[in-house]
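Worksheet: one structure, shown below.
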Amino acid sequence: MKIGLEVHVALPTKTKLFCSDLAYENQEEPNSNVCPVCLGLPGAKPVLNQNALDISARIAKALNCEINEKTWFVRKVYFYPDLPKGYQITQLDGAIGIKGYVDLNGKKIGIRRVQIEEDPARIIREKDYSLIDFNRSGVPLNEIVTEPDITSLEELKNFIEELRSILYYQGVNINQELKTDLNISLAEKRVEVKNVTGVKNLISAAEYEIKRQSVLIKEGKKINAETRSYKEDSNETVSSREKETEEEYGFTFEPDLTFYDTTKLTIPKAVIASNIAKELADKNEYNEKTIRELILFNRRNLSLLTSISKEEFKKGVSLIEKFASFGIEDYSEQEFRKMLDKDVSSIEKEGFLQLLGRTNKSEKKADKTEIEAGIKEMLSSDKTLFDRGIKDEKAMNFMIGEVKEKYHITGKEAADFIKKVIKGMLNN
Amino acid sequence: MTAKFLSLTDSEYAIFISQLKQANERLNAFNFIDENKKSGKIISVKDNICVKGMPATASSKILQGYMPGFNATAVQRLENSGFSVIGKTNMDEFGFGSFGLNSEHPAKNPFNEEYVAGGSSSGSAVATALIKEHVSIAESTGGSISAPAAFCGVVGLTPTYGAISRYGLIDYASSLDKIGFIGKSADNLRDVMEKTVGSDPKDTTSLSNVISNKNPHKLYVIDNLVENIDESIKDRFEDLLAKLSAKDYEIEHVNVDYLEYSVPAYYILSMSEASTNLAKYQGFKYGFKVKDFSLNYNEFFMSARKQFGKEAKRRVILGTFIRSKSIKQRYYEKALAIRHAIIARMKKFLNDGFIIMPSMPIFTPKISEVSDISPVEAYSMDMLTVPPNLCGFPHMSFPYFYEKGMPLGAQIITDHFNDYSLLDFLSEWESGFKYKFKEEIG
Ligand SMILES: [Zn+2]
C-alpha cells in the first residue's frame with residue numbers, strides 16, 4: 001500500500017499573502033477584506049508578504065527540507081469562479097523547501113516539497129445559485145507534498161499527528177480544518193481523493209479506499225486510475241467522473257514577482273515535541289505516551305516539563321493534570337512552581353484555588369457592580385455591538401468573552417451572569 | 001530650455017475641449033475625453049493604464065465599463081506634481097498590434113488619415129502630434145511606443161524595464177511591459193520621466209537604480225539587423241548617419257548574433273505571459289458582464305470570452321499552447337535562452353556607445369495596405385523595435401526626416417538605467433531639427 005498526501009495549511013500571518021488585507025480577523029461580513037490585488041482587478045499587482053516567507057521557511061526547515069537559496073513563484077492556470085485571476089500563484093521547482101522528511105519513530109516519510117500559495121475565494125452554494133466571498137482569497141497557505149511513503153492506516157494517523165504537532169510549534173492554528181488531497185494505491189493504479197476537509201474525514205476516506213480497493217483486488221477486478229471525492233454524509237468516496245487525462249495547468253513563471261533570497265533568513269531550530277517526549281521519558285524514566293499527550297500540542301506543558309528536575313518530574317506531571325482537571329488554563333510558570341512545592345495529591349478544587357491564592361482575587365474581581373459598569377461602557381462605546389447583540393448569538397458570545405477576559409473570570413455561572421446583565425441593558 | 005506644458009484657463013477650456021472632440025472624430029486619438037475642467041498641466045494616458053474614476057478598457061470590449069478605483073503609480077506621481085489627465089488614448093486591444101488597427105475605431109495618422117498611426121500606443125502618438133506641448137503616458141511591450149512615435153512624427157521614450165512602476169497597468173506580458181512616454185520635446189520628456197521613475201512598494205519588479213548618465217559619442221549600427229529593411233529607408237538612414245557623423249558621433253558597423261531569433265523569442269514569451277494575464281477576464285466582476293444567469297459556468301465563461309478581438313484570441317490560444325507541458329521546453333525555455341544571449345551581446349556594445357537603427361523597416365503604410373496582411377507579416381514589422389524591448393534596454397524613437405510630407409523615425413538604444421542619455425541625445429538633435437505638424441490645438 002502506498003499513500004501520499006498534499007496537505008494545505010493556512011499560515012499564521014496577520015495579513016494576506018500578496019496584499020495588506022487582514023487574513024483572519026473581522027471576516028464575518030462577506031467581501032469586506034478585499035482590495036484590487038486579491039480581487040484580481042486589472043492593473044493591480046501582488047507584493048509578497050515577507051512574514052509568510054519567513055514562516056514557510058521555518059516550516060520547511062522543521063520538516064527537514066533543504067531551503068532553496070532562491071525561491072520563486074509560478075502561475076497555475078485553470079478556470080474556476082473562486083479564482084479571481086484565472087490562475088493561482090503557487091510554487092513548483094522554486095518552492096521554498098524540497099527533499100525533507102518527517103521521522104516517525106525511525107521511519108522517514110519523505111516530504112517532496114513545501115510550497116507557498118494563495119487560497120482561492122470561498123464559494124457559498126445556495127439552492128439555485130452560488131455566492132462568492134473573496135475574504136479568503138489570498139490567504140497564505142503552505143502545501144506540504146509528501147512522497148508516497150505511508151504504508152498503513154496506522155502510519156497515516158501517526159504521520160498526521162506528528163505533522164500537526166510540528167506545525168503547532170511553528171505557530172500554526174492547529175484547530176483549522178486541514179484540506180488534503182489523498183493519493184492512495186493498493187495496486188499499481190493511483191487513486192486520488194481530492195479536497196478532503198479535516199483529519200477525521202481524511203482517515204475515513206483512507207479507510208474506505210483501503211476497503212474498496214482490497215475488495216476489487218480480491219475479486220480480481222481492476223482498479224481505475226481516477227479522481228474521487230469524499231462524501232461526508234455517507235462516509236464513502238465516489239468517482240468524480242473526470243476524464244483521466246493528465247492535468248494541464250500550463251505552469252509558468254510569475255513575472256509580477258521576483259526571485260527571493262532565503263540565505264539571509266534566520267531560521268531557529270525547530271521544536272519537535274515527539275523527540276522531546278522521547279528524551280523526557282528516557283531522562284526521567286517516565287511513560288512516553290503520557291508525556292506525548294501532554295506536550296504534543298501544548299507549549300506551556302512542554303516548557304514546564306523540560307524545566308523541572310527528575311525528582312520533581314512525576315509530581316510535575318500530576319500537577320499539570322490537576323490544573324487541567326480543575327479547568328484552570330491560565331496559570332503562569334510561577335504559579336506552577338509555587339504549587340510544585342505543595343502537596344496537592346488529594347486536594348479539592350476549592351482548597352487548590354486557595355493554595356494558589358486565587359479565590360479571593362477572583363471573587364474580588366468578579367465584583368458585580370464593577371462588571372456591570374464595564375459592560376455598560378462596552379455597549380455605549382460600540383453602537384454596532386449594541387444593535388447586533390439582541391439578535392446575534394455571535395455578538396453576544398463575543399461580548400461575554402470580552403468581559404470574561406477583562407475581569408479574569410471563568411465558568412458557566414459567570415457567563416450566565418454576564419449574559420443576563422447584557423440582555424438587561426440591551427432591553428433598556 | 002525648460003519643460004512647458006499646456007494648461008488652460010477656465011474660458012479657454014471649453015473651446016479646447018470642443019476642438020479636441022472635433023479632431024478626435026477624424027483621428028480617433030481618444031477612447032475617452034474627460035470634459036471636466038482641469039487646472040493642471042494637460043497630459044493624456046494610454047487606455048491600458050488606470051486613472052481613478054475614468055474608464056480603462058485597453059480598447060477591449062471585455063473591459064467595457066471597467067472603472068478602476070485607483071490610480072496607476074505613474075499617474076499618481078504626475079498628478080502629485082500638478083498634471084491633469086485629459087483622457088484615455090486609443091490603442092490596439094491589450095497592446096496587441098503594431099498599426100493601431102486592432103481597435104474598434106482605429107486611430108488615424110495625423111499627417112494623412114489614410115495612413116496608420118502605428119501601434120499599439122496609437123492614440124498616445126496621435127494625441128501628442130495634435131495637442132500643443134503634449135506628453136502622453138504610453139506603454140511598450142515589444143515596440144508599442146517606438147512604432148506609433150515613428151509613424152506620427154513624435155518622440156517615443158521607452159525606459160529601462162522596471163524604471164517606472166507598472167502598478168495600475170493592465171498587463172500584456174508582465175516581464176516585458178514598460179510604461180513610457182510620447183512627447184515632442186526633450187525637456188518635457190525629461191520632466192515627466194523625473195517625476196515618475198523610482199521603485200514602488202506596489203510593484204515588486206520596479207527598481208530604484210540610479211538612472212545614470214554616461215553620454216557616449218559612439219553609434220553602433222547593427223548591419224545584420226538593418227540589411228533586411230526597405231531600400232529607401234536604408235538610404236534615408238545613411239543620410240542620418242552622415243549628419244550625426246558631422247556632429248562628431250563616431251559610427252561603427254557591427255554584427256550581433258542571434259538577433260534573427262529575437263522576434264520569434266519575443267512572441268513566444270509575450271504570448272505565453274499574455275495568455276495567463278488574460279485569464280482573469282471572465283465576465284462577472286468588472287467590465288463586460290454576462291447577464292444570462294441560466295448558463296452554466298463553462299457557457300457563461302465562453303460567452304464572456306467571445307468579446308475578445310481576433311488578435312487577443314490568437315494570442316491566448318498560441319500562448320496556452322506554448323505553455324503546455326510537452327511543448328514548453330521546445331519553445332519557451334529556448335526563447336528565454338535567446339533573450340539572455342541577446343542581452344549579453346548587445347550589452348557589449350552599449351557599454352561605450354548607443355545602438356542606432358531606423359525605428360520601422362517600412363514607410364508608414366496606408367490602412368488599406370496592412371489591414372489584410374498575415375499575422376506573421378505583421379509581427380515581422382517589429383524586427384527593429386523588438387530587440388531593445390526583449391532585453392529591457394531603454395530606447396527612443398525620434399523623427400529625423402519628412403518624406404513626401406510623412407515623418408520618418410530612427411531609434412537609439414542605450415544601456416540599462418542610462419535612460420537620460422537618450423534625452424541628452426535628443427536635446428542635441430533638436431538644436432538642428434524642426435518638428436513639423438499638420439495642426440496643433442491648445
Ligand atoms: Zn486584498
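Note that the structure is a prediction, hence the values are computed from the model and not measured. A note on names: the letters A, B, ... follow the listed sequences, proteins ahead of strands, and every chain is numbered from 1. All values below were derived from every heavy atom in this structure, side-chain atoms included, with hydrogens, water molecules and symmetry-related copies excluded.
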Starting at NZ of B/Lys325, measure out to CZ of A/Phe251 and round the result to the nearest 0.5 Å. 8.0 Å

So OG1 of B/Thr276 and CZ of A/Phe253: to nearest 0.5 Å the spacing works out to 12.0 Å

Please report the shortest heavy-atom distance between [X] and [Y], naming the atom on each side.
| X | Y | value |
| --- | --- | --- |
| B/Arg323 | A/Glu248 | O-OE2, 4.3 Å |
| B/Cys50 | A/Gly43 | SG-CA, 4.3 Å |
| B/Ile170 | A/Pro42 | CG1-CB, 3.9 Å |

Honestly, the part of A/Tyr249 sitting under 4.5 Å from a heavy atom of chain B is backbone

With a 4.5 Å cut-off on heavy-atom pairs, point out which of A/Asp256, A/Val77, A/Val47, A/Thr252 contacts chain B the most. A/Asp256

Min side-chain heavy-atom separation [X]-[Y] under 4.5 Å:
| X | Y | result |
| --- | --- | --- |
| B/Tyr66 | A/Leu41 | yes |
| B/Ser174 | A/Arg75 | yes |
| B/Lys285 | A/Phe134 | yes |

Given the options B/Asp171, B/Thr205, B/Thr73, A/Lys45 meets side chain to side chain donor-acceptor pair (under 3.5 Å) only with B/Asp171

Without swapping roles, check the side chain of B/Lys280 against the backbone of A/Tyr87 for a donor-acceptor pair under 3.5 Å. no

Once the angle between the rings of B/Phe301 and A/Phe79 is folded into 0 to 90°, is it parallel (under 30°), tilted (30 to 60°) or perpendicular (over 60°)? tilted

Between B/Phe284 and chain A, with a heavy-atom cut-off of 4.5 Å, which part of the residue counts as in contact: side chain, backbone, both or neither? side chain

